[in-house]
Amino acid sequence: MCKLGDIIVIDEYIGEDGKSIQKHSFIVIDDNAGFIEGLEYDFVANVMSSFKNLKHKTKKLKFRENVEISNDDITSDIKINNNSGYIKADQLIYFNKSKISYYVLGKLNDELLDELIKLIVFLNKQGKLRNNINNIKFASFSKK
């Protein structure tokens, strides 16, 4: 069961381009069930990505939509890599737990979670949020 602020790893999900992506990390930003475009979901998450190198990090952090995350921002009982990365705050991805396989990796600290939620609210007011409903619309992944 995932809840607000959890960092989860999803075995397979459908990206904005409709392509299947294997093993990816997400931050749960809403754990309330609801409907979007008539489709049922039970949580919303932001995707996380790693920095490839310092140049990539500098480039990605120029965009307000990207929030840096490091191991210091995470509480976890599981060994995680030491790479810093970023959260794509402008991409809201809707999921139904019954259609995916995932596990909880850890929890985002309250300070960064608050910063992330405030940024999402700001981006929403600016009309800059993108909704990915592919995982509730097309996903038929079987839980392992």
Side-chain angles (χ1 to χ4, degrees), residues 1-52 56-57 59-144:
M1 179 90 159
C2 59
K3 56 188 180 301
L4 178 66
D6 280 352
I7 300 168
I8 63 172
V9 177
I10 296 179
D11 288 339
E12 181 181 14
Y13 83 102
I14 302 172
E16 283 185 298
D17 60 2
K19 294 181 181 175
S20 175
I21 301 168
Q22 303 295 312
K23 290 269 188 206
H24 221 84
S25 300
F26 294 83
I27 305 287
V28 177
I29 58 158
D30 185 357
D31 58 359
N32 295 303
F35 291 88
I36 182 169
E37 295 185 24
L39 300 168
E40 187 175 10
Y41 65 90
D42 52 19
F43 76 97
V44 183
N46 291 115
V47 68
M48 296 170 52
S49 279
S50 298
F51 297 120
K52 296 175 182 138
H56 184 242
K57 178 179 180 176
K59 177 183 174 185
K60 290 299 179 181
L61 293 180
K62 284 183 183 178
F63 298 97
R64 180 159 191 177
E65 296 88 357
N66 296 329
V67 178
E68 185 172 11
I69 183 171
S70 71
N71 283 346
D72 294 337
D73 300 315
I74 301 168
T75 303
S76 178
D77 293 332
I78 301 171
K79 184 176 178 355
I80 53 178
N81 69 38
N82 290 325
N83 300 335
S84 66
Y86 62 102
I87 306 163
K88 298 177 182 181
D90 63 332
Q91 298 179 31
L92 304 181
I93 304 174
Y94 293 76
F95 291 100
N96 187 315
K97 291 177 213 140
S98 68
K99 294 183 178 184
I100 61 169
S101 177
Y102 72 94
Y103 64 90
V104 177
L105 177 66
K107 183 156 180 61
L108 191 63
N109 72 36
D110 291 340
E111 293 80 21
L112 189 55
L113 180 60
D114 288 344
E115 179 185 329
L116 178 61
I117 298 296
K118 286 177 185 173
L119 178 56
I120 292 168
V121 169
F122 172 80
L123 293 170
N124 186 44
K125 288 179 182 176
Q126 301 293 312
K128 294 185 178 181
L129 290 182
R130 299 183 341 239
N131 294 319
N132 175 347
I133 63 168
N134 290 339
N135 294 279
I136 55 175
K137 190 173 186 179
F138 301 116
S140 61
F141 307 124
S142 59
K143 290 182 86 172
K144 296 175 183 167

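Keep in mind that what you see is a predicted model, and the values were worked out from it rather than measured. We use all heavy atoms of the structure for the numbers below, so side chains are in, but hydrogens, waters and symmetry mates are not. Counting begins at 1 with the first residue of the sequence.
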> Are any non-hydrogen side-chain atoms of Val28 and Lys3 less than 4.5 angstrom apart?
Replying inline: no

>> Which residues pass the side-chain hydrogen bond (donor to acceptor under 3.5 Å, both in side chains) test with Arg64, not counting sequence neighbours?
In response: none

>> Restricting to side chain to side chain contact (heavy atoms under 4.5 Å, CB included), what partner residues turn up for Lys19, sequence neighbours left out?
In response: Asp17

>> I'd like to check the ring-ring contact (aromatic ring centres under 6.0 Å, His included) partners of Phe43; sequence neighbours left out, ordered by chain and number.
In response: Phe95

> Which residues pass the side chain to side chain contact (heavy atoms under 4.5 Å, CB included) test with Leu113, sequence neighbours left out?
Replying inline: Leu4, Leu108, Ile117

> What pairs with Lys62 under salt bridge (Lys or Arg N to Asp or Glu O under 4.0 Å), at least two apart in sequence or on another chain?
Replying inline: none

>> Can you give me the closest heavy-atom contact between Gly85 and Phe51, atom names plus distance?
In response: O-CE1, 3.2 Å

>> According to side-chain hydrogen bond (donor to acceptor under 3.5 Å, both in side chains), who are the partners of Lys57, at least two apart in sequence or on a separate chain?
In response: Glu68

>> If you define the side chain from C-beta out and look only at heavy atoms, does anything of Val47 sit under 4.5 Å from His24?
In response: yes

> Could you give the distance from CG (Asn66) to CD1 (Ile69), rounded to the nearest 0.5 Å?
Replying inline: 12.5 Å

>> Please give me the minimum heavy-atom distance between Ala89 and Ile120, naming the atom from each residue.
In response: O-CG1, 3.6 Å

>> Which residues pass the side-chain hydrogen bond (donor to acceptor under 3.5 Å, both in side chains) test with Asn96, not counting sequence neighbours?
In response: Ser98

> Is Ile100 close to Tyr13 at the side-chain level, that is, under 4.5 Å between some pair of heavy atoms?
Replying inline: no

> Are any of the side-chain heavy atoms of Tyr41 and Asn135 separated by less than 4.5 Å?
Replying inline: no

> Applying salt bridge (Lys or Arg N to Asp or Glu O under 4.0 Å), which residue pairs with at least one partner in residues 26-49 are found, sequence neighbours left out?
Replying inline: none

>> Test your reading of the model: is there a side-chain donor-acceptor pair from Asn109 to the backbone of Thr75, 3.5 Å cut-off?
In response: no

> About how many Å separate OG of Ser49 and CD of Gln91, when rounded to the nearest 0.5 Å?
Replying inline: 8.0 Å

>> With rounding to the nearest 0.5 angstrom, report the CG to CD1 distance, Asp73 to Ile87.
In response: 7.5 Å

>> Please report the interatomic distance OH(Tyr102) to CD1(Ile8), rounded to the nearest 0.5 Å.
In response: 6.5 Å

>> Holding to side-chain hydrogen bond (donor to acceptor under 3.5 Å, both in side chains), I want the full list of residues that pass it with Asp90, two or more places apart in sequence or in another chain.
In response: Arg130

> So, does Lys97 use its side chain to make a donor-acceptor pair with the main chain of Met1 at under 3.5 Å?
Replying inline: no

>> Working to the nearest 0.5 angstrom, can you tell me the gap between Leu129 CG and Leu92 CG?
In response: 5.0 Å

> Does Lys128 have any side chain to side chain contact (heavy atoms under 4.5 Å, CB included) partners at least two apart in sequence or in another chain, and if so, which?
Replying inline: Glu65, Leu123, Gln126

>> For residues 100-126, which residue pairs pass the salt bridge (Lys or Arg N to Asp or Glu O under 4.0 Å) check, not counting sequence neighbours?
In response: none

> Hey, what do you get for SG (Cys2) to CD1 (Ile27), rounding to the nearest 0.5 Å?
Replying inline: 11.5 Å

> Can Ile36 and Ile136 be said to form a side-chain contact (heavy atoms from CB on, under 4.5 Å), step by step?
Replying inline: CA-CA 9 Å; Ile36 182 169; Ile136 55 175; 3.7 Å; yes

